[in-house]
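Below is one structure, written out as structure tokens; the observations come after it.
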Amino acid sequence: MDHTDESGRNTGGRGFLEPFGKGGVRSWIFSTDHKRIGLLYLSLILLMFAVATVLGLIIKLKLMTPGSTLLSPQQYNAMFTLHGVIMIFLVVIPSIPASFGNIFLPLHIGANDVSFPRLNNFSWWLYVIGALLALTSIFTGDGAPDTGWTFYVPFSERTTTNVSVAVIAVFILGFSSILTGLNFITTVHRLRAPGMTWRKLPLFVWSLYATGWIQVLATPILGITALLIFAERVLLLGLFDSTKGGDPLLYQHLFWIYSHPAVYIMILPAMGVISEIIPVFARKPIFGYNMIAFSSLAIAFAGSLVWAHHMFTSGMSDTAVLVFSFLTFVVAIPSAIKVFNWLSTLYQGSISLDPPLLYALGFIFMFSIGGLTGLVLGAAGTDIHVHDTYFVVAHFHYVIFGGTGLGMFAAMHYWFPKVFGRMYDHGRAAWSFWLILIGMNVLYFPMFIMGMQGMPRRYYDYLPQYAPMQMVSTWGSWFLAAGLILMFWNLYRGSRYGPLATRNPWGGATLEWTLPTPLPHEAFHHDPEAPEPYDYKGVNPDG
Amino acid sequence: MTGTDSDTSASMYTGTGEAHAHAPLSYRFLTAVWVGLMVLTAVTVGVARVDLGYFNVLVALGVASCKALLVIFFFMHLKYENLLIKGMVLTAFVILAIAIGLTFVDIGYRY
Amino acid sequence: MAEHTAMPPGTTGPVHHKDYHAAKMGMWLFLFTEILLFGGLFLLYASYRAKFPMAFHAGGASLDVFLGGLNTVVLITSSLTVALSITALRRGEITRCLWLLAFTVACAGGFMVNKAIEWGAKFHHGLVPGSEHMAGLPQGQSIFYGLYFAMTGLHGVHVVIGASVLLWVMLLIRQGKVTGADYVVLENAGLYWHIVDLVWIYLFPLFYLIS
């Protein structure tokens, strides 16, 4: 069944992708196998990514020239709301943990599955239901939600569009995310193979563990916030209604108590992927293992202290502005620790510029720009100037698309041969990387400048002075789209017709590379020896 | 698979929980905890009838927290769990306290 | 909550046993999410109380301490009987265990009936969310009642869920699927029930006593 010969050589089988039992769709959608659930997530996440990317491209196309073109203002509002809601809740939040985390977290610790496999399947179903509800909200009721992904009151209470269904979708998606986090925390505590001590855990596992805690402790606040919007609209509770003494700012507090930690749910797993890739392709042990592991936990904790930096201009107290501005600078420290450690790992390494490393380097470049401009926003003085301008949008896309997005693509190129048993074309992968990187920068960098010049975000139209840069930004979106198409086409072709991949094509030292390629149904027949995850002595790329 | 959590006492899983768990708490002990909870309920209702000004709030929340501790430690067996679970519970409450506390940095200076 | 790994047929490998500690840990983590779910509402309560201390006093005075206190006694007693039922099951006293659980579910029912009476009285006085009467209340009072309905309502939903879970566990015990040697399902259901109790322990003084 494994289609590997005795030495474990790949002979063209399909491993865990091979049907078993009665086979068919049911053996996938009701599967409790962490690898299959990971792939289920991956396919839906990529589908949703495609949908939301098209929405983003339409938005950019509309903004290419000033004036009323292509979309009506109402359609435009719905477009950026849906782009945000789908990208955040259906793509970026689950992205790496639910897909690659599910597949590789158990293998990294020498386990055959997560602690609660059935719960894992259930959480995927919650994701499906949430996705369907989110899509339903577009086509039913009185039009698609037009509030922006933040659902700020009072507008979200009063708009006649279909916000009620959308927030219920968010609530359900939140619980899907919680169950994944709960499962991972328990798995890391309970299912590590003998000898797999905390200091031997791959850094990807550390990052998922930290992420799991944010998922469990922050997401319920999103749940209650979404329920409150629903209750305000349907039961007319009036808790945020200022005519009854309610305080709309408390909604913003609740929303960001979740949604700021949520950006660390998005970025931490990507940082984990980068920490796996960099040492493998530098052929050097990771620099500062302890500090990287610790900084994951530090980010998770410090990330819960900074939410109100999204509210500096909202009219909250000056004391709060001061306190949250200071705390925001604190959270930059562990992020910077990671960047310095990655660079130190590369220093004097024996670097091979294979596609996964290219994407990882792209991550460092984009994340650094995104992180440093985050400090511009975290400093209360400068934030007053650029708040709610394109500067914020640019910063966010540098961190989340340039960071999490490229991290996700890096993971796809790194683990692709292990999952599918075949190799993609390296040349085309490099081409797609450069197209994506250039496209991103041409798309988003002008938005920093426009933001500094005062272009507000979410506006349907703009003054003529912004026209040239809006035009350039839209061109960037086309480069980006071309790069994405090339990348996915290359990966698809690779999975079908690529050359058979070897057991350990990159020379990784973590446990998944000791397993047959592609991954078999059952990974470990007996408890594996826990390796030093970043010791490459005697570990070489094969084939 | 065997769990190797250095911070839990578990080594091998068996089909049951018997091997790990402490002996069941006696009926008598649990009932005593219930009596304690009833007494505290009576106390908090009684104190509420006396006007202590601001201290009414503190007393009410203090008594409620005592009751909560009784429930968590004995009814929910937290006292008999390992340090790991205790630490996790503490973390959850600390995060909640941070969320409420830092919100007051805003509203404490605004309302 | 205990889970089995479903393995593809035809494969061999280490047999997975139920991991008692993992099941417990998973349940505790889930309880944290419940605590923080209510935590968001407690945050609102604390904030609005700071903003409208007098309105909250007036609102609290209008609630019936007797009904609230009665419900407190009912819930704490039901918490006791759940805790006792675990001891009973582990001692092999199946019948006693089932009676204790039945009593707990009955308490849940009593709690909800009591709550319905209380809400009914409020509705009778025109205190219906979204009504003109509530909108016409002095600043802060409609917030108080809004929070009262939101928090006790969400709590009521949890009472119903908790009682349903206990009923399901009773069925499992009758079927012999949950036994004195393998009781983690009952223990986890009990943990959930205690959290329902725990939330009420705070709701009671915050709404009924601080006036």
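Only a predicted model underlies this, so the values are computations on that prediction, with no experimental measurement involved. Here is how names work: the chains are called A, B, and so on, in the same order as the sequence lines, proteins then strands, and each is numbered from 1.
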Do L61(B) and L206(C) pass the side chain to side chain contact (heavy atoms under 4.5 Å, CB included) test, and can you show the C-alpha distance, the side-chain angles, and the key distance before you say yes or no?
-> CA-CA 8 Å; L61(B) 283 180; L206(C) 287 181; 3.7 Å; yes
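- Among G40(C), G190(C), G68(C), A88(C), the residue making the largest number of heavy-atom pairs under 4.5 Å with chain B is A88(C).
- Among A46(C), P205(C), A50(C), G39(C), the residue making the largest number of heavy-atom pairs under 4.5 Å with chain B is A46(C).
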Give the intermediate values and the outcome of side chain to side chain contact (heavy atoms under 4.5 Å, CB included) for residues I195(C) and M76(B).
-> CA-CA 9 Å; I195(C) 277 289; M76(B) 299 175 83; 3.8 Å; yes
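- Taking a 6.0 Å sphere around OH of Y111(B), one finds it holds more than 12 heavy atoms contributed by other residues, nucleotides or ligands.
- We find the OG1-CG distance between T41(B) and L75(C) to be 10.5 Å, quoted to the nearest 0.5 Å.
- When T87(C), I210(C), T33(C) are compared by the number of non-hydrogen pairs under 4.5 Å with chain B, T87(C) comes out ahead.
- Expressed to the nearest 0.5 Å, how far CE of M88(B) lies from CE of M25(C) amounts to 4.0 Å.
- Annotation: the span from W34(B) atom CH2 to T81(C) atom OG1 amounts to 10.5 Å, rounded to 0.5 Å.
- Within the 4.5 angstrom heavy-atom criterion, no atom of T91(B) approaches chain C.
- With a 4.5 angstrom heavy-atom cutoff, V71(B) touches chain C only via side-chain atoms.
- Contact of V89(B) with chain C is made through backbone and side chain together, with heavy-atom distances under 4.5 Å.
- Heavy-atom contacts from other residues, nucleotides or ligands closer than 6.0 Å to OH of Y109(B) number 12 or fewer.
- For F93(B), the part lying near chain C is the side chain, with the backbone staying farther off; criterion is any non-hydrogen pair under 4.5 Å.
- Chosen from T44(B), N56(B), L40(B), V33(B), the residue pairing most often with chain C at heavy-atom distances under 4.5 Å is T44(B).
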Verdict with supporting geometry, M38(B) and T77(C), side chain to side chain contact (heavy atoms under 4.5 Å, CB included) | CA-CA 9 Å; M38(B) 286 295 132; T77(C) 308; 4.0 Å; yes
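- Taking every heavy atom of both residues into account, L25(B) and R91(C) meet most closely at O-NH2, 4.5 Å.
- Both the backbone and the side chain of I100(B) come within less than 4.5 Å of a heavy atom of chain C.
- Using a 4.5 Å cut-off between heavy atoms, Y208(C) does not touch chain B at all.
- When all heavy atoms of Y202(C) and S65(B) are compared, the pair lying nearest together is OH-OG, 2.8 Å.
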Check against side chain to side chain contact (heavy atoms under 4.5 Å, CB included), L84(B) and W28(C) | CA-CA 11 Å; L84(B) 176 66; W28(C) 273 104; over 6 Å; no
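- The shortest heavy-atom contact between A99(B) and L43(C) is O-CD1, 3.8 Å.
- For V73(C), the parts sitting under 4.5 Å from any heavy atom of chain B are the backbone and the side chain alike.
- Considering all non-hydrogen atoms of both residues, I76(C) and F75(B) come closest at O-CE1, 4.3 Å.
- Here I85(B) is the residue among D51(B), I85(B), T31(B) with the most heavy-atom pairs under 4.5 Å with chain C.
- We find the CG-NE2 distance between N82(B) and H21(C) to be 6.5 Å, quoted to the nearest 0.5 Å.
- Per-residue counts of heavy-atom pairs under 4.5 Å with chain B were compared for L84(C), L198(C), D197(C); the largest is that of L84(C).
- Atom CH2 of W119(C) is surrounded by more than 12 heavy atoms from other residues, nucleotides or ligands within 6.0 Å.
- When heavy atoms are compared at a cutoff of 4.5 Å, L31(C) approaches chain B solely by way of its side chain, counted from C-beta outward.
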